[in-house]
K.L.:
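Sending over a structure as structure tokens; questions will come in a sec.
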Amino acid sequence: MKEDKWMNIQVGDIVKVENNQSVTADMLLLSSSEPYSLTYIETAELDGETNLKVKQAISVTSDMENNLKLLSAFDGEVRCESPNNKLDKFAGILTYKGKNYILDHDKLLLRGCVIRNTDWCYGLVIYTGPDTKLMQNCGKSTFKRTHIDHLMNVLVLWIFLFLGSMCFILAVGHGIWENKKGYYFQNFLPWKEYVSSSVVSAILMFWSYFIILNTVVPISLYVSVEIIRLGNSYYINWDRKMFYAPKNTPAQARTTTLNEELGQVKYVFSDKTGTLTQNIMIFKKCSINGTLYGDVYDKNGQRVEVSEKTEKVDFSYNKLADPKFSFYDKTLVEAVKRGDGRVHLFFLSLSLCHTVMSEEKVEGELVYQAQSPDEGALVTAARNFGFAFRSRTSETITVVEMGETKVYQLLAILDFDNVRKRMSVIVRTPEDRVMLFCKGADTIVCQLLHPSCRSLGDVTMEHLDDFAIEGLRTLMVAYRELDNAFFQAWSKKHSEVCLSLEDRENKISNVSEEIEKDLMLLGATAIEDKLQDGVLETIITLNKAKIKMWTLTGDKQETAVNIAYACNIFEDEMDEIFIVEGKDDETIWQELRSARAKMKPESLLESDPVNSYLTMKPKMPFKIPEEVPNGNYGLVINGYSLAYALEGNLELELLRTACMCKAVICCRMTPLQKAQVVELVKRYKKVVTLAIGDGANDVSMIKAAHIGIGISGQEGMQAMLNSDYAFCQFHYLRRLLLVHGRWSYNRMCKFLSYFFYKNFVFTLVHFWYAFFSGFSAQTVYDTWFITFYNLVYTSLPVLGLSLFDQDVNETWSLRFPELYEPGQHNLYFNKKEFIALETTYWTMISHFFIWGSLGFYFCVLFFLYSDGLCLMFPNVFQFLGVARNILKLPQLWLSLVLSVVLCMLPVIGYQFLKPLFWPVSVDKVIDRIHHCMRHPLPPPIRTKVKHASSRRSAYAFSHKQGFGALITSGKTMKGKPKKSSLLKK
């Protein structure tokens, strides 16, 4: 046994992985510390889920346990499929000791998984490095260029052709002039020996003008652009408002080439877990026997908001309490202490009705491993209020009730699924009573209640409505005491259907319904799935900026939809949420067409412009224009349906339908599908895309998008290391786009416009002068002016403009997100508008650069034409006294003033009349800002934004089949089974 680096692991190695360590390669599980070689894993970096999953080694290898001698002698041969990106599929055969054993996905530990609740495990390396399924889903790294870069390249090409045209025109002019005038003027201007005719002279003059006019081609443009981008990148790095103090981590611009594109984003593709949410479930409130607990009131009986200063409930009386658990309503603890029977029964139900695994390595320190975070939150709440789940076997559950240890006999677990939306456990109490405890979605459980619970049910439903308004996830809790004879009869029937070979799941569900009825209501729970700070406000702001939000997640559909409502991605006011869940091409096509028929019926007609365009079978790549729906809609599609929708003709149907929606949720996605969705939008829409995520499963879409942002979260550093920009909190995205992105875009557009402007002004003077100099390629400027023009005279003003200009400050940029819209349509720099000059933010630096450059020009002018230089270097400085004498002439100053005024009048007139006669949305916003600056409004009262919703969800039951069957099988018991029992298996 030796320690080594990941890079040195090879196929065929046997690797030991310990608890809480990451799996280094795709490995065949050989053995583990748990009974039957079970291994619990967390797959957050693969699919974004933090709930536990279980893997099991085949029995022939599990016997090796941690015997290094047996493991070293292992000589099995594995034949398997070639490397692929399918995370949920694996096929192979293990040949060992002359026998073949079938291998499937349940035997494979994938790179990126984290071992949980398992002391150690051994695995045989199957795939390494780029062959692992995680890396197969990561996509390829490409060098990203901005839309402005591509436009610059096109413009430079057109300018180069323009230069050739000017040189050709001047060469023709020279040929004509030489033929008509110059030929007879040779006594004064003789032709060179090698010039035999006016045609030869014209050809030579073409290249002379090519040299003189080459300044129109912005050769230094790309260097200047990179300097500006570097400066704007430092602004992001230095922004203290994007610095995350708890981790001492600033925002980081990992590239300097994409800054201005941050001001042009139209689509944001976001992961859910760890990006929008903290994936921390908090037991917030509950309703027990018609009484609501969780609210805090002051001395006057007024409800107050919970804050950091609010006094927490003291759980010091409970030795098994979790010190990290917080609750603020003392009345619930008082009810527990005074022995309220219903309250005790409520928390007993929470401590028994679950599939959580418990670990107690240190006496009194319980560590829960739950299949979903919300289940862990419920069990932790019961633990703190005096009903601590301590351990379990296949037949018993041990609970410490108010300091007294009690053992309940586990008779049955009726597990949950997405159809049942509830789970139940049947136990025999120490008092020999048979009890059924059930928790589930209120829409389901309320139908199973005894008629006597009607009035209590109405009160509880009102409390559930209050919970839903706050965006909390709710469950209803109930129980039933069973007659022993009735239970025995039911148990026999249940055992029979469990052995059924046909339609087993439906039969089990039907038998479960026979006992899950006439339940007595205990109450309801309310769990907060804690969002990251500022997520709701950020998404509201991005919506105002006309940025569309798509959530791409590997999580479950109900979970993703719940978070979408909590984050305001989906709204109750939406006209409809379309759900695409077809299992074949035809069904999915019909679902997409049906959705589009409701959003924009005319889009299905042959006369529709997009349909007409598509019938012409345009050559790739073509762009689909924006289509405006007749309302406000959302779309939900799962990964299985997406696999069909991303192929063939369906991809255009999917794209057109999705892009009409305000928000899209794609769930149960593989990392590769995330990238495919981003690529689909990039391919057919003329927009800038941004992807943001925090895990290795987000790397592919981060690489695929125009801009990739990594969040330094709880799922490792892979996303950050593959990103273009990185920070710690999702809400920093608002500042990155609306402040830094918008400023960078505006500055870059002004810089480019000014750069082309000054080059054209400088060069076209030579073109004009040619008509007065016989097309003789004479320069109108002296050589020193030509040298200093780009290098000194005009460089600092444009750099100052590009680094410090602000049309509005950061406060107004965030307060009026509508200002972001011009960048999405690239209104400030395009093929029509690429020559201009405007400074809107005058600072001391701006004044210094602008007026300093003019002053510097005159200083250099007097220096170069001074008497001293002319006397010392008469061959170089030949214009003695020119500047001094010319600047004395009033005609010169009059010409300068008239030129400036005449040139500025049209621009000033246009800028004055444009907002009056041809206003755009940005002009109206700027007017509002100016009005606010003249008449300041009182500062807004900061209030906590709440999600007002009438919908509720059983968040705990949104995931897949639970651990019920595994628990009752006895495979989770500590202590190795005997050899004979293994053989019987």
Side-chain angles (χ1 to χ4, degrees), residues 1-34 36-46 53-138 671 696-697 699 716-718 721 976:
M1 181 73 67
K2 69 170 183 176
E3 289 189 5
D4 211 338
K5 294 183 178 180
W6 286 26
M7 61 183 290
N8 297 326
I9 293 177
Q10 298 181 355
V11 174
D13 289 346
I14 293 179
V15 177
K16 180 182 180 181
V17 185
E18 296 181 343
N19 195 29
N20 296 325
Q21 289 185 348
S22 295
V23 178
T24 58
D26 291 353
M27 305 189 306
L28 172 66
L29 180 60
L30 297 178
S31 63
S32 80
S33 60
E34 299 304 295
Y36 297 90
S37 286
L38 296 177
T39 300
Y40 300 98
I41 61 171
E42 185 182 281
T43 58
E45 290 220 12
L46 295 174
K53 297 179 176 65
V54 64
K55 302 286 184 179
Q56 183 178 10
I58 55 178
S59 58
V60 70
T61 62
S62 64
D63 293 343
M64 295 187 293
E65 300 181 349
N66 62 342
N67 189 319
L68 295 182
K69 186 175 181 181
L70 293 176
L71 289 166
S72 300
F74 179 72
D75 59 352
E77 180 183 289
V78 175
R79 286 171 290 159
C80 60
E81 60 193 3
S82 57
N84 59 70
N85 55 38
K86 296 177 181 177
L87 293 172
D88 57 349
K89 292 183 180 179
F90 174 74
I93 295 175
L94 170 64
T95 302
Y96 183 51
K97 295 182 178 179
K99 292 184 180 180
N100 291 336
Y101 302 90
I102 295 176
L103 305 177
D104 58 19
H105 179 256
D106 290 333
K107 309 291 188 295
L108 198 67
L109 299 178
L110 299 182
R111 176 177 175 174
C113 296
V114 179
I115 304 299
R116 300 291 190 201
N117 208 28
T118 306
D119 292 335
W120 51 262
C121 66
Y122 287 91
L124 175 68
V125 176
I126 304 295
Y127 304 122
T128 62
D131 291 340
T132 58
K133 292 182 179 289
L134 175 64
M135 298 303 293
Q136 288 280 311
N137 275 280
C138 280
N697 58 322
V699 169
M717 303 291 286
Q718 289 294 321
L721 293 174
K976 287 290 179 179

K.L.:
Output yes when a side-chain donor or acceptor of Ser72 lies under 3.5 Å from a complementary backbone atom of Lys69, and no otherwise.
P.N.:
no
K.L.:
Under the rule for side chain to side chain donor-acceptor pair (under 3.5 Å), what residues qualify as partners of Asn100, not counting sequence neighbours?
P.N.:
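With sequence neighbours excluded, Asn100 shows a side chain to side chain donor-acceptor pair (under 3.5 Å) to Thr95, given in chain and number order.
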K.L.:
Taking only residues two or more places apart in sequence, or in another chain, which ones meet Tyr127 in a ring pair (Phe, Tyr, Trp, His ring centres under 6.0 Å)?
P.N.:
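Scan of Tyr127 (ring pair (Phe, Tyr, Trp, His ring centres under 6.0 Å), adjacent residues dropped) gives none.
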K.L.:
Once you round to the nearest 0.5 Å, how far does OG of Ser22 lie from CG of Leu109?
P.N.:
12.0 Å
K.L.:
Are Val78 and Leu103 side-chain neighbours, meaning at least one heavy-atom pair lies under 4.5 Å?
P.N.:
yes
K.L.:
Judged by atom type as modelled, is there a donor-acceptor pair below 3.5 Å linking the side chain of Ser32 to the main-chain atoms of Leu38?
P.N.:
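Pair found, side chain donor or acceptor close to backbone of Leu38.
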K.L.:
Would you indicate whether the side-chain heavy atoms of Leu110 and Met27 approach each other to under 4.5 Å?
P.N.:
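Sidechains of Leu110 and Met27: no contact.
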K.L.:
Just verifying a value: how many Å separate Arg111 CZ and Thr132 OG1, rounded to the nearest 0.5 Å?
P.N.:
5.0 Å
K.L.:
Check for a donor-acceptor pair, side chain of Thr118 on one end and backbone N or O of Trp120 on the other, with a separation under 3.5 Å.
P.N.:
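Absent.
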K.L.:
Look only at the side chain of Gln56 and the backbone of Asp106, and say whether a donor-acceptor pair between them is shorter than 3.5 Å.
P.N.:
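Answer holds: no.
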K.L.:
Any side-chain heavy atom of Arg116 within less than 4.5 Å of one from Ile41?
P.N.:
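They are not in side-chain contact.
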K.L.:
Flag the pair Pro671 / Val699 as yes when at least one side-chain heavy-atom distance between them is below 4.5 Å, and no otherwise.
P.N.:
no
K.L.:
Got a sec, which pairs hit ring pair (Phe, Tyr, Trp, His ring centres under 6.0 Å) with one end in residues 74-119, sequence neighbours left out?
P.N.:
Phe74-Tyr96
K.L.:
How far apart are the closest heavy atoms of Asp131 and Pro83, and which atoms are they?
P.N.:
O-CB, 3.5 Å
K.L.:
Would you say Asp13's side chain and Gln10's backbone share a donor-acceptor pair under 3.5 angstrom?
P.N.:
yes
K.L.:
To check you understand the geometry: which heavy-atom pair defines the closest contact between Leu124 and Gly12, and what is its length?
P.N.:
CD1-O, 3.3 Å
K.L.:
Given side chains that start at C-beta, do those of Lys133 and Leu87 come closer than 4.5 Å, heavy atoms only?
P.N.:
yes
K.L.:
Is Ile126 close to Val11 at the side-chain level, that is, under 4.5 Å between some pair of heavy atoms?
P.N.:
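With C-beta onward as the side chain, the pair stays apart.
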K.L.:
Taking all heavy atoms of Cys121 and all of Leu29, pick out the closest pair and write down the distance.
P.N.:
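Minimum heavy-atom separation between Cys121 and Leu29: CB-CD1, 3.9 Å.
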K.L.:
Is the shortest heavy-atom distance from the side chain of Asn66 to the side chain of Ser33 under 4.5 Å?
P.N.:
no
K.L.:
I need the Asn85 CG to Met135 CE distance, nearest 0.5 Å.
P.N.:
13.0 Å
K.L.:
Evaluate the criterion side-chain contact (heavy atoms from CB on, under 4.5 Å) for residue pair Thr39 and Ile115; output intermediate values, then yes/no.
P.N.:
CA-CA 7 Å; Thr39 300; Ile115 304 299; 3.9 Å; yes
K.L.:
Backbone N or O of Leu30 within a donor-acceptor pair of the Thr61 side chain at under 3.5 Å?
P.N.:
yes
K.L.:
Between Val15 and Tyr122, is any pair of side-chain heavy atoms under 4.5 Å apart?
P.N.:
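Contact flag for Val15/Tyr122 side chains = no.
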K.L.:
Return each pair, listed once, that meets salt bridge (charged side-chain N to carboxylate O under 4.0 Å, His left out) where at least one residue sits in residues 90-104; pairs must be two or more places apart or across chains.
P.N.:
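For residues 90-104: Asp104-Lys107.
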K.L.:
Give, for atom NZ of Lys89 and atom CD of Glu81, the distance between the pair rounded to the nearest 0.5 Å.
P.N.:
9.5 Å
K.L.:
Do side-chain atoms of Ser31 reach the backbone of Glu65 as a donor and acceptor pair under 3.5 angstrom?
P.N.:
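At least one qualifying donor-acceptor pair exists.
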K.L.:
With sequence neighbours left out, write down each residue that passes side chain to side chain donor-acceptor pair (under 3.5 Å) with Asp75, or none if nothing qualifies.
P.N.:
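Here no residue qualifies.
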K.L.:
How long is the span from the CD1 atom in Ile14 to the CG atom in Leu68, to the nearest 0.5 Å?
P.N.:
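Rounded to the nearest 0.5 Å, the CD1-CG separation comes out at 10.0 Å.
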K.L.:
Once you round to the nearest 0.5 Å, how far does CD1 of Ile58 lie from CD1 of Ile102?
P.N.:
10.5 Å
K.L.:
If you look only at pairs with a residue in residues 18-31, which of them pass as a salt bridge (charged side-chain N to carboxylate O under 4.0 Å, His left out), with sequence neighbours excluded?
P.N.:
Lys16-Glu18
